[in-house]
Amino acid sequence: MARPRAQPDAAVTIDGAPVRVFSGESLLAAANRAGIPIPTLCAVQGLSVWGGCRVCVVEVAGDHTLRPACATTAVDGMEVTTGSDRLVEHRRQIVELLFAEGNHVCAVCVSNGACELQDLAVDLGVDHIRFAYQHPDRGVDLSHPRYGLDHNRCILCSRCVRTCAEIEGANVWAIAARGAGSRLVAELDEPWGESTSCTSCGKCVAVCPTGALFDKGTGVGEMRHDRDVIGFLAAAREQGEWHDREQQP
Amino acid sequence: MHDHIVIDPVTRIEGHAKITLRLDAAGAVDDARFHVTEFRGFEDFCRGRPVAEMPSLTARTCGICPVSHLLASAKAGDAILAVTPPPAAVAQRRLANLGQIIQSHCLSYFHLSAPDLLLGMDADPAQRNLFGLMAAEPELARRGIRLRQLGQEVVAAVTGERIHGSWIVPGGVAHPLDPATKEGIRERLPEAKQAAADTITEFEGLLDRFTEEIAVFGTFDSLFLSHCGADGSWEHYGGGLRVVDASGAIVVDGLDPARYREVIGEWGNADSYLKSPYWKALAEPDDPRPGVYRVGPLARLNVCERFGVPLADEALAAFRERVGGVATSSFFFHSARLIEVLACVELIERALADPVLDDTRARATAGINARHGVGASEAPRGTLFHDYTVDDDGLVTSVNMVIATGQNNLAMNAAVLQIAQRFVHGADVTEGALNRVEAGIRAFDPCLSCSTHALGQMPMLVQVTTADGVVVAEARRD
Ligand code: SF4
Ligand code: SF4
Ligand code: FES
């Protein structure tokens, strides 16, 4: 039996539409429920809030700073705008910076055609990058028997870090260093294949938005991630019930 | 006094190049060099990438023959996984290569060379191009476009893309062929067969106009190298390497392409980005030139005994009769290309009738089972080798690509010298002479994008300079 939900106890306005919100709910969750799409990268249903990518930024009336919808609690009476020109430009700039920062060559990427970053770029009309490409010298870790990690395509969204810690409970991943030197590390910066905590469950691979984590041996454009599995697992755990995913509404 | 004549860049080939002709004191050409001036460096930036990505990555080497790179790369990957791709995968790979050979050869013949061949080497350069050809020979131009389209459609039907399909992977191909795609191709084959046969007949009729060119467009003894079936039949994907000499005698047969380093050396030259592979057994210690060998359509024709399909076999027999066995003039690369187009159409017809194409098992999977793998196939321009070393995880640690155009480099240099010695006298260089030098190179259909991994168009600049570099004459085509 699903647990009873809390009653909505407040109301906000999102793009002019009144939306009831539950206590403690984020603007992103409220908007999702109301069928108002807000683009995201680091947020995944079922994982803790990270608020790192800032793609989900929205405008709140009376506040000149942009707010990450995933990390902003809906407060009674808020008037929220999700798609102004300013927001679109802001998101576009973030996506361009992500492309400039890593080494993204979609045409030869395992996730070509099935990548959230690429989709976002397409949605935002990113047809060129206004920033200088950094061309960082990053490597590929294929030490794991089943999976690979291409640091060149990692956008440090920490989805894998949170998935491994919060869903699998193995805590293999962390983000090490600071600023431009930040990078995903397994254990205390060891080759992934040498990690003794990794259970090879593949949940981190499933949730990665880009081609950074992939099934070993996949060729260009062959990688398919299964991001919904995390929300399913989290919900199942929270509700204490397991359903056949195929049968889910 | 030594003068230099420089043709820079050379037009209607793929990439950037320049030609330098050195004149002796009497004004006669005493040396010729073909320089490739572009560099892209795939061999370097592929390092550190997973081997599974290599086919798609290296396919970007070329926009004309990406399928060849996909094939050679995937075969190197097959060797590293130590797997045998399922028969359906091999059938698909072969089909795509046949389509690619058609489209590339048609581009070379109809778009790049036909203006010279149909309108004449001395025709006004303003007309001597594809548009001039379309005005003068609309039927031929239309036929060329249709034939090339067939090749592109075959490639697209199999790989999913006209140019850079990513359907091929180490172990096989990413997905089975959709049986419905075959019908569309099949319907076009009768027209294509007729078009290819007509073009051969028409070209035969032109040959008498080019006796001088035939005599000097790289007419010399050399070895010829290509894949060949165990039964001596024409091969473009599998089989071993066969090498014949100018008399047709077999020098090497059934050689595993993975052993190419035992027989082929690679010579680097300071004034060109294009390496010069040479046949080791014949080269001198400091001079690779005696080791000159040729690859490509002419080499494949000289090497094989038959195609195994009726119309092409007839055309091959007629060709042999005309040239008297082994063709040693590079001018006949054109004939060979046209005969191969006809053969490819017939072989596609045969391939489509084979039920193995419908088998849905199209991929073998495995981990890294070997640290080193070589893959080879016949590109439209000749034998292509991809040679990879990987670490235990399958990350590429070194790459060597031996490209058809590179293998023809020594022969192209020899051809340029031969043509220049015949048509260039002193610093007064006629347009027709320059065009013949260029056309002599174009007969090889060089792809400099592939061979130096460079990309671009090829306008041409001709300079005549004194030995100390003073330009005394200049001609430019943009
Ligand atoms: S991860 Fe996505 S954005 Fe990056 S190269 Fe791959 S397809 Fe492109
Ligand atoms: S590997 Fe993927 S999921 Fe993990 S931080 Fe990088 S982009 Fe995000
Ligand atoms: S999705 Fe909200 S900050 Fe990333």
Side-chain angles (χ1 to χ4, degrees), chain A residues 102-115 118 133-154 183-187 189-195 198 200 202 205 208 210-225, chain B residues 41-42 44-61 63 66 69-71 73-74 76-78 80-83 85 89 93 159-161 163-175 362-369 371 390-397:
Chain A
N103 292 310
H104 292 269
V105 186
C106 299
V108 292
C109 176
V110 289
S111 279
N112 191 14
C115 168
Q118 192 183 50
Y133 286 99
Q134 300 301 297
H135 298 301
D137 185 9
R138 297 180 184 167
V140 180
D141 181 352
L142 287 188
S143 59
H144 194 282
R146 293 173 60 181
Y147 311 115
L149 163 59
D150 186 346
H151 289 282
N152 296 289
R153 302 176 186 136
C154 174
R183 66 187 192 285
L184 185 67
V185 294
E187 307 283 1
D189 202 0
E190 287 156 25
W192 187 3
E194 286 171 27
S195 160
C198 176
S200 300
V205 178
C208 179
T210 69
L213 293 174
F214 55 91
D215 294 331
K216 222 165 145 173
T218 38
V220 171
E222 287 193 296
M223 189 58 205
R224 293 291 176 270
H225 298 268
Chain B
F42 268 75
D44 196 56
F45 70 66
C46 286
R47 276 207 289 269
R49 300 307 308 169
V51 70
E53 265 178 35
M54 288 300 281
S56 289
L57 202 54
T58 53
R60 262 74 193 178
T61 315
H69 288 280
L70 282 171
L71 293 178
S73 181
D78 298 342
I80 285 168
L81 306 187
V83 296
R93 289 177 178 189
T159 71
E161 303 279 346
I163 303 186
H164 290 125
S166 50
W167 112 112
I168 184 160
V169 287
V173 293
H175 45 77
R363 184 173 188 174
T365 50
I368 304 303
N369 292 310
R371 295 281 296 272
V390 299
D391 67 11
D392 284 335
D393 297 328
L395 289 177
V396 171
T397 55

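Chain identifiers are assigned alphabetically (A, B, ...) following the order of the sequence lines, protein sequences preceding nucleic acid strands; residue numbering begins at 1 within each chain. Please read all numbers here as calculations on a predicted model, not as lab measurements.
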**Item:** Check: A/L213 main-chain N/O paired with A/Y147 side-chain donor or acceptor under 3.5 Å
**Value:** no

**Request:** Check each atom of A/N112 against the heavy atoms of chain B and say whether the ones under 4.5 Å are side chain, backbone, both or neither.
**Result:** neither

**Message:** If we define contacts as heavy-atom pairs under 4.5 Å, which of B/G394, B/A52, B/A366, B/G77 has the most with chain A?
**Reply:** B/A52

**Complete:** Residue from A/D150, A/V110, A/V105 scoring the most non-hydrogen pairs under 4.5 Å with chain B is A/D150

**Prompt:** So, are B/E53 and A/K216 salt-bridged, with charged N and O less than 4.0 Å apart?
**Reply:** no

**Asked** Under a 4.0 Å N-O cut-off, is there an ion pair linking B/R371 with B/D392?
**Response** yes

**Asked** Angle class for the A/W192/A/H144 ring planes (parallel below 30°, perpendicular above 60°, tilted otherwise)?
**Response** tilted

**Complete:** Under 4.5 Å to a heavy atom of chain A? For B/R47 that would be neither

